Every structure is written in structure tokens, then in C-alpha cells.
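Just so it is clear, the structure is predicted and the values come from calculations on it, not from any experiment. Remember, it's 1-based here, ligands and their atoms both numbered in the order they're listed.
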Amino acid sequence: MDEQREEEMEEPEEAQGAGSVEILDDKEERRDRIARTDKDKEKQKTMAECGRVVRRTSNHTMDKSIILPPDEIFRNLENAKRFAIDIGGSLTKLAYYSTVQHKVAKVRSFDHTAKETSGDKLYEIAVQEEVTERLHFIKFENAYIETCLDFIKDHLVNTETKVIKATGGGAHKFKDLIEKKLGLKVDKEDEMTCLIKGCNFVLRNIPHEAFVYAKHADSEFRFKNTQPDIFPYLLVNIGSGVSIVKVESEDKFERIGGSSIGGGTFWGLGALLTKTKRFDELLQLASKGQHTNVDMLVKDIYGGPYSTMGLTGDRIASSFGKSATADKEFSKEDMAKSLLHMISNDIGQLACLYAKLHNLSRVYFGGFFIRGHPVTMHTITYSINYFTKGEVQALFLRHEGYLGAIGAFLKGAEEDNPNQYSWEENYAGSSGLMSVSPDMSPMQRARSGTFDMLEMDRKERQLVKLPLLQDPSSYIPDTVDLTEDALAREYWLFCFEDALDEVVKRAVASQPDMPEAQERAEKFRQKYRHKLQTLRHQPFAHGSLTVRSLLDTREHCLNEFNFPDPYSKIKQRENDLALKYYLKTVKSLDQLEWTERQFALVRGVLAGNVFDWGAKVVSDVLESDPEFGFEEAKRQLEERPWLVDCYDQWFERLKGPPHRCALFFVDNSGVDIILGVMPFVRELLSRGTEVVLASNSAPALNDVTNGELQILTESIAAMDPVIQDGLRDERLMLVQSGSSSPCLDLSRLDKVLATVVRERKTDLVIIEGMGRAIHTNYYAMLSCESLKMAVIKNSWLADRLGGKLFSVVFKYEVPAGKLNKKEIGKQLQEEPVREQEEEKLPEEKQSLSDEENSCPGPSEDFGSDEETSADSVMRSFGRIFLNLFSKEQDENLTV
Ligand code: ADP
């Protein structure tokens with residue numbers, strides 16, 4: 001009897017579609033589908049009319065017509081510099097490296113000594129052309145190879161290279177054809193070497209590349225972080241056939257096994273059985289079928305389970321076993337399903353035997369057979385869990401099929417030392433992981449079956465993890481995984497779609513001298529909306545879906561259409577104005593008693609953080625009420641006890657010795673950085689603490705960039721000797737974070753920043769703002785003291801966290817074991833958060849629960865004195881900021 005099993009009680013097949021797919025209401029979905037289909041038809045027609053369509057390769061029964069919309073598929077081909085191709089038994093994978101010209105916003109300080117005419121402005125913003133190196137990968141069926149080579153040849157304008165790296169069996173078989181068609185010399189590379197090189201590369205460089213699949217979990221896809229230590233592992237590459245490779249290090253690997261029963265078998269046998277030649281159609285059929293109609297089960301033989309051997313009645317005893325004797329026709333769906341089970345089971349069992357034989361606990365599955373298909377992944381995972389009792393983990397890869405092509409490409413790029421760079425997936429250009437979800441429009445499905453794309457941007461500087469992460473291997477930047485949390489997903493997808501009008505408006509307004517900006521902005525709208533729709537159906541397309549990934553996708557799409565910094569002008573205006581009030585602000589702070597000042601400084605940072613154009617509720621107010629000032633910010637700000645309130649601990653800590661060095665991840669431009677953060681920094685410097693200010697390398701929303709911060713700090717230094725001395729003595733350093741996101745991934749920071757942090761023996765990390773301290777890093781555990789400060793500017797989120805709009809999160813943490821009573825003065829008490837909040841919304845408060853326990857509630861001894869003094873500071877803030885946006889009064893104000 002075969003050792004195969006029946007899948008446990010099958011769920012209705014529809015549920016197996018695309019993982020945690022959002023269910024739309026029927027009518028809406030139909031409407032949506034109709035709209036999509038119509039649009040798709042129209043698009044197809046347009047592409048056909050463009051004359052880029054339909055070349056037929058001869059001598060094939062299959063329809064080889066191919067639509068090549070160059071803008072979408074072979075993007076940036078005209079600037080392609082280097083190629084690599086991986087031609088397997090079924091599919092061709094092409095990698096090319098091209099330069100993408102795009103606009104970036106740069107700031108340049110006016111030279112006031114040279115009397116440059118600058119009006120009121122401190123700096124100018126120049127939009128410059130910059131070139132990014134981008135890696136593109138696309139896959140297509142071998143049947144299209146001639147057409148695709150012709151296409152590449154026709155569109156290859158600038159190629160500098162005369163050689164194409166090639167791997168896979170087709171490198172040999174199609175060598176002459178490639179050389180003839182492309183006029184490039186084929187340089188063959190060993191298939192296994194490329195495969196492993198590519199696998200190591202994606203595991204190290206692409207966040208959320210590997211994932212485990214758990215059919216019955218809240219989120220079926222559980223994505224893994226990139227790990228520095230990836231060895232040893234087993235790679236089971238399921239292409240046309242199966243190769244099993246044991247990988248011990250970069251250079252040490254061995255093909256220890258294989259099987260001829262692989263993806264080609266499913267495709268081939270499937271075609272024979274169902275008369276369907278298209279792979280995606282086969283998968284579609286399989287997702288609708290019932291394999292028990294075709295397979296012989298244990299109970300078909302025993303009449304029930306085979307209990308002494310522990311085999312349940314539903315296990316498969318013999319794949320296709322019923323077809324020999326049953327006197328009936330079998331449906332295509334049932335046969336496709338049975339076949340998929342048979343092959344996946346077989347491979348799962350082989351993989352687990354090899355893993356056990358070689359004592360390996362991680363098995364990665366590569367090759368294009370899996371295609372994110374739930375049945376395949378579940379069958380393989382189940383099989384491995386069953387036979388290894390959970391000792392071996394089955395891991396799938398988002399870019400499973402590109403490993404060989406990536407490796408071949410890297411071989412060709414060795415002279416450029418690709419390891420000195422970091423890479424970032426470009427969400428605007430990558431199609432992401434697509435299963436053959438019935439929710440996808442036919443066009444999307446056809447596209448994802450025939451072509452799919454991965455694009456990666458080369459970051460000029462290397463990104464590394466923050467050396468202060470307590471446990472880098474378990475660090476997850478994002479607080480909520482939206483693939484797990486359907487309610488949150490629905491809300492945020494809606495929220496981002498709803499904000500589109502505003503973003504488009506802002507983008508257009510940022511380029512008043514460019515008449516075509518409106519058109520580009522519309523294209524941006526279309527692209528981003530389409531991305532949101534895709535994510536609605538395929539939330540796991542780019543790894544875990546998070547607020548950060550939604551924000552980053554939006555930034556990528558904006559950049560794609562040359563809107564490098566939509567907030568540049570707003571930031572400039574706010575910076576210019578806020579600078580005028582800097583001295584007055586610090587003077588009023590200096591007048592306060594030490595105790596009062598510490599609180600006023602914290603409130604200053606918090607009130608400053610209210611000024612955030614990225615938060616809709618605030619930008620609406622700023623837009624409609626230009627006189628919105630700090631007074632207003634103060635009024636809005638929650639009174640203590642805050643939603644998360646560790647102020648007393650922080651205050652106690654301040655009575656102790658100064659920190660050696662504080663790393664401060666800053667947030668917004670303008671009021672936030674100049675009047676909130678800088679006075680706080682000034683106090684730290686005065687205490688004898690060195691400060692490293694880490695700001696974004698490139699723009700995102702209204703966040704201050706490193707370029708802007710350099711200029712602003714110099715300007716502040718000209719007014720303030722504390723800042724000036726700090727800069728001069730290098731006790732105040734401005735370092736770019738390596739990020740261009742409103743959120744923060746502490747495992748991908750600029751290498752220089754990590755070095756500075758280490759050299760300075762940083763013992764305090766401050767993270768400011770909703771994006772960096774709530775959407776990400778709320779649960780980040782650091783090996784030194786940390787302070788997370790944010791004002792919640794989204795009522796839905798506030799509600800979820802048990803607070804209200806403008807609630808305050810002030811989270812001070814000391815890692816266990818580092819608490820020195822003498823130094824800190826007072827041990828942290830174990831007290832829950834505000835009682836009334838817990839009573840009000842117990843179930844909603846889950847998200848903040850554990851961590852909050854280390855933050856005590858309101859302090860009894862926080863007396864009214866402090867309140868009054870703090871109020872007086874805020875009053876002076878208020879007076880200043882009431883006028884912040886009022887031009888006329890501006891001119892009358894002296895600092
Ligand atoms: P190879 O390098 O041998 O072509 P791949 O890793 O590219 O191997 O995987 C090929 C297999 O992927 C096919 O045999 C088939 O099972 C599966 N496959 C996935 N998508 C497609 C597709 N669109 N067309 C054909 N086969 C596909």
C-alpha cells in the first residue's frame with residue numbers, strides 16, 4: 001500500500017483559493033469584476049492596436065500568440081546593461097540590469113554670506129535627474145522564447161555588454177538561437193551553482209522572501225525575516241524535474257538527490273488527462289476538484305481505518321486507484337486535483353527523507369511548480385510535518401522560480417562586487433506572489449501565469465541591522481500583520497484608497513511649473529489603486545501586508561511617476577517659519593525649573609509630533625485652518641495619564657547619570673524637528689549625552705530628510721551655542737538612516753549609522769512618531785534603554801488601542817537585567833495602563849497589552865506645580881504657533 005494520505009477533511013474548495021482573501025459583497029464584487037473585465041478588454045485592444053502584438057511561432061498546436069506591452073513587461077529594457085537567462089525544461093527566466101532615470105528632490109542651502117537672493121527661504125529645492133540601478137526579472141514559457149528574443153533585440157538600444165550569461169539546460173540547447181537573435185555571445189554557467197547563488201541572495205536580501213504555509217492558521221502565509229545565518233539548508237527545486245541540493249555554505253553544496261516526477265510531470269500528465277495545455281488552467285481545475293472521486297482511499301480497501309498502522313480511512317492508499325475499476329468518466333477537475341496531490345505528496349516525502357538523512361531542519365522549495373498554490377503548499381507542508389513530526393520546516397519562497405536566473409546574473413556581475421550593495425524590492429514594478437486566485441481578473445491571471453516580474457532597486461549604501469536589537473533573529477518591525485487581521489486590513493486598504501485624491505492633489509501642487517504633472521499624477525493614481533485592489537485579493541503578494549508596506553508601495557509608485565517629494569514645499573514653508581521661533585522656545589524652556597523643564601521638553605516633542613501632514617486628520621486641519629498652532633496642538637494633546645505613560649520612570653531616570661549616547665530617530669520636518677526635537681536634543685547635550693540624529697536618506701511624506709536636517713541644524717547652530725558646540729565637538733552627529741519610508745525597519749539601516757552607534761557605545765534609543773514607534777517598532781526589544789514617543793493621529797487606530805484621537809504613547813523601556821537601581825533611582829513598577837481604558841474596551845486593547853504592563857499608570861506625585869509650569873511653556877509655544885502660518889504677523893515677530 002502506498003504511504004500517501006488523504007488530505008484531512010477538505011474545506012470547500014472555494015476557501016482554498018487565494019489564502020486570506022477579502023470577501024466582497026456579491027453585488028459589489030460582480031460590479032468590480034465586470035468593470036475589470038471591460039477595462040481589460042479595452043486595454044488588450046489598445047495594446048493590439050499598438051502593433052506590439054501577436055507573433056505566432058510555427059509548428060505548435062498551442063496558441064502562442066503573445067501580448068507584449070513593453071511598458072509593463074520588459075520595463076526599462078532600452079537601458080539594459082547586462083543580461084542573464086535561465087532556460088529550463090518549461091520556462092525561460094530572463095534577468096536584466098538597467099538604469100532608471102528618475103527625478104529626485106535635493107535641497108541646497110542658500111549662501112547668505114554671498115548674499116544670494118533667497119527672500120525668506122533658508123534653502124532651495126532642486127529637482128534633479130538621478131539614475132538608479134534596477135534589476136528586472138521576468139519569466140515566460142519556453143514556447144515564447146523566439147518571440148521574446150526578437151522583442152528584446154528590437155528594443156535593445158543601449159546595451160553595453162556583448163555577453164549574456166546563460167544557465168539551465170536551454171543554455172546549451174538554445175545557445176545558437178540566442179547568439180543569432182541577440183547578437184550576444186552566450187556564456188554558460190553551471191545550473192546548480194547559479195541556483196544556490198540565487199537562493200542565498202534572496203534569503204539574505206529580500207525581506208519576507210521565505211514563508212511557511214499553514215492552511216488553518218489566521219494567516220496562511222507566515223513570512224520570515226532575512227537572516228544573516230542561512231546555512232545549512234536543503235533546497236528542493238521543483239522545476240520540470242526535481243533537484244535536491246544540500247547547502248552547507250556559500251561554496252559547499254551537493255546535489256544529493258532528485259526525481260523525474262516534478263512540475264513537468266504535472267503539466268504533461270495533466271495535459272494528457274484534461275486536454276488543457278495551460279498550466280494555470282490546470283491549477284484552476286485542480287482547485288475545483290475532489291480527488292477522493294479518483295483516488296483509492298484506505299477506507300475503500302478496509303471499509304474504515306487501518307488502525308494498527310495508524311492510518312485513517314481518508315488517507316490515500318493509491319493515487320488514481322479508482323480509475324482502473326470504476327465504470328464512469330472522471331471530471332477534469334478531480335483528475336487535476338488528484339495529480340497535484342500525488343506529485344506534491346511524493347516530493348514532500350522525498351524532501352523529508354533527505355532532510356532527515358542529512359540532519360537538516362530547514363527545507364526551502366524553489367522552482368516554478370508551486371506558484372503559491374495553496375493545495376500544493378499544504379500537501380507538501382502536511383507531508384513534511386507528518387513524517388518528521390514537526391522537526392523539519394517546509395519553507396516556500398516568493399521568488400521561487402528565479403533562483404537560477406538571479407544566480408546567473410550575479411555571476412556576470414561579480415566584477416561589480418554585488419555584495420557591497422543592498423537591494424530593495426520595488427513594489428511599483430514587481431507583480432508579487434500570485435496564486436491562481438479566482439478573484440483575479442482573467443487578464444491578471446493570464447498575465448501572472450505567462451509573465452511575472454520582480455524588480456529590485458540597488459541601494460548605493462549597504463544596509464545592516466541595528467547593533468542594539470536584543471534578538472535580531474526574532475525582530476519583526478511591524479506591529480500588526482494585516483494578512484492576519486482582516487478588520488485592520490479592510491480599514492487600512494480603505495484608508496489608503498480614500499487618501500488617494502489628496503495625494504494626487506499634493507503631488508500636482510508640488511510641481512506647479514510642470515503642466516503634465518496632472519497626467520502623471522493620474523497615472524500614479526491608477527497604478528496605486530490597482531496595487532491596492534490586488535492586495536485586497538492577494539494580501540500576501542509582497543510578503544506580510546502592513547501599514548509600512550502600504551506606505552512604501554505608495555512612495556514607490558510616486559517615484560515611478562516622478563513625484564520624488566510631494567511635500568517639499570510644505571516642508572520648506574514650515575521649516576522657515578518654525579526656525580523663527582526656535583530661540584524664543586528654548587529661552588522660555590531655559591527659564592523653567594529643571595523638573596518642569598523635563599516635562600515641558602517631552603510635551604514639546606509630543607505637541608510637535610501633532611504637526612504631521614501625513615495624518616489625514618491633521619492635514620485637514622492644517623489645510624482649513626492655517627492658524628493651527630502649538631496652542632491647538634497642546635489642547636488636542638491628551639492630558640496625563642497618557643494612554644501609555646512611562647513618564648515617571650523616564651523622569652526618575654533623568655535624575656541619574658547622563659546617558660553616554662542617544663540615538664534619536666526623528667520624524668517630521670518643521671515644528672516637530674525644530675521646536676519639539678531640537679530643544680530636547682539640546683537638553684541631552686547639556687546633560688553630557690552625545691546625540692546621533694538619524695533621519696531619512698530620501699523623502700517620505702513630510703518626514704525630515706538628512707539633507708534638510710543638515711541645513712536646519714546649521715541654521716539652529718548659528719543661533720544656539722549649545723547646538724553649535726555640539727556640532728563642532730562632534731557630540732551632535734547627523735547621520736542618514738538609510739530609510740526612505742515613514743516607518744522604520746531596524747534591521748535595514750545605513751551601515752555608517754550602525755558603525756557610529758557601536759563606536760559611540762549608544763545606550764539610549766529614541767524613536768519618534770506614529771510610523772516609526774507605533775506602526776513599527778512598538779514591540780521592538782532593544783539591548784539598551786529606549787524611549788518611544790508618538791501621538792496617535794488616526795481615530796480608528798486610537799480606538800483600537802483603547803485611546804482617543806491625539807492620545808499619547810510614551811513608552812520608556814529598560815531591558816531586563818540592565819536595571820541598575822542605584823543609577824536609575826527607582827525600579828519600574830508592575831502596573832497596568834489606565835484603569836478606565838481597560839474597563840472601557842477590554843478586548844480592543846489587546847494590541848498594546850503586554851508591553852504596557854511595564855509602564856505604570858498615572859503618578860500620584862505628579863503635582864499641579866509641574867502642570868502649571870508646563871502650561872506656561874506651552875502657552876508661550878502657543879502664542880508663537882498661533883501665528884505660525886499667518887504670513888502678515890510672521891514678519892512682525894522677532895525671535
Ligand atoms: P524549468 O527550469 O525546468 O523550466 P521551472 O522552475 O521554471 O523549471 O518550473 C517549471 C514548471 O513550473 C513547469 O513544469 C510547471 O510545472 C510549472 N509552471 C508554473 N507556471 C507555469 C506556466 N505558466 N507555464 C508552464 N509551466 C508552469
Glu141 heavy atoms within 4.0 Å reach ligand 1 at atoms 22 (C), 23 (N), 24 (N)
For Phe369, state whether at least one heavy atom is located under 4.0 Å from any atom of ligand 1. yes
Ligand 1 N/O within reach of Ser90 N/O, cut-off under 3.5 Å: yes
Taking N or O atoms only and a 3.5 Å limit, does Ile87 qualify as a polar contact for ligand 1? no
Are Glu141 and Arg278 close enough, and set up right, to give a salt bridge (Lys or Arg N to Asp or Glu O under 4.0 Å), and what steps lead you there? CA-CA 10 Å; Glu141 288 174 27; Arg278 292 189 184 277; 5.1 Å; no
Do the side chains of Lys175 and Glu179 get close enough for a salt bridge, i.e. N-O under 4.0 angstrom? yes
The option among Phe140, Tyr402, Phe279 carrying the non-hydrogen atom nearest to atom 15 (C) of ligand 1 is Phe279
Using a 4.0 Å cutoff against the non-hydrogen atoms of Ser240, which atoms of ligand 1 qualify? 1 (P), 3 (O), 4 (O), 8 (O), 10 (C), 14 (O)
Got an N/O contact under 3.5 Å between Phe368 and ligand 1? yes
Evaluate the ring planes of Tyr97 and Trp423, with Trp represented by its six-membered ring, and classify them as parallel (under 30°), tilted (30 to 60°) or perpendicular (over 60°). tilted
With a sphere of 6.0 Å drawn around CZ of Arg362, does it hold more than 12 non-hydrogen atoms of other residues, nucleotides or ligands? yes
State the atoms of ligand 1, each with its element, that fall below the 4.0 Å cut-off from a heavy-atom position in Gly367. 6 (O)
By number and element, which atoms of ligand 1 are closer than 4.0 Å to a non-hydrogen atom of Gly264? 14 (O)
Electrostatic pair Lys215:Glu220 at N-O distance under 4.0 angstrom: no
Would you mind running through ligand 1 and noting each atom that sits below 4.0 Å from a heavy atom of Arg371? 19 (C), 20 (N), 21 (C), 23 (N)
Assess whether a salt bridge exists between Arg204 and Glu250, defined as any Lys/Arg side-chain N lying under 4.0 Å from an Asp/Glu carboxylate O. yes
Got a salt bridge between Glu425 and Arg398, using NZ or NE/NH1/NH2 to carboxylate O under 4.0 Å? yes
Strictly under 4.0 Å, does any heavy atom of Gly401 approach an atom of ligand 1? no
Go through ligand 1 atom by atom and flag the ones less than 4.0 Å from a non-hydrogen atom of Gly89. 1 (P), 2 (O), 3 (O), 4 (O)
Neighbour count above 12 (heavy atom, 6.0 Å) for Lys173 NZ: no
Presence of salt bridge, Arg371 and Asp280, under 4.0 angstrom: yes
Which of the ligand 1 atoms, numbered from 1, are nearer than 4.0 Å to a heavy atom of Gly263: 14 (O), 15 (C), 16 (O)
Determine whether the side chain, the backbone, both or neither of Lys93 has a heavy atom under 4.0 Å from any heavy atom of ligand 1. side chain
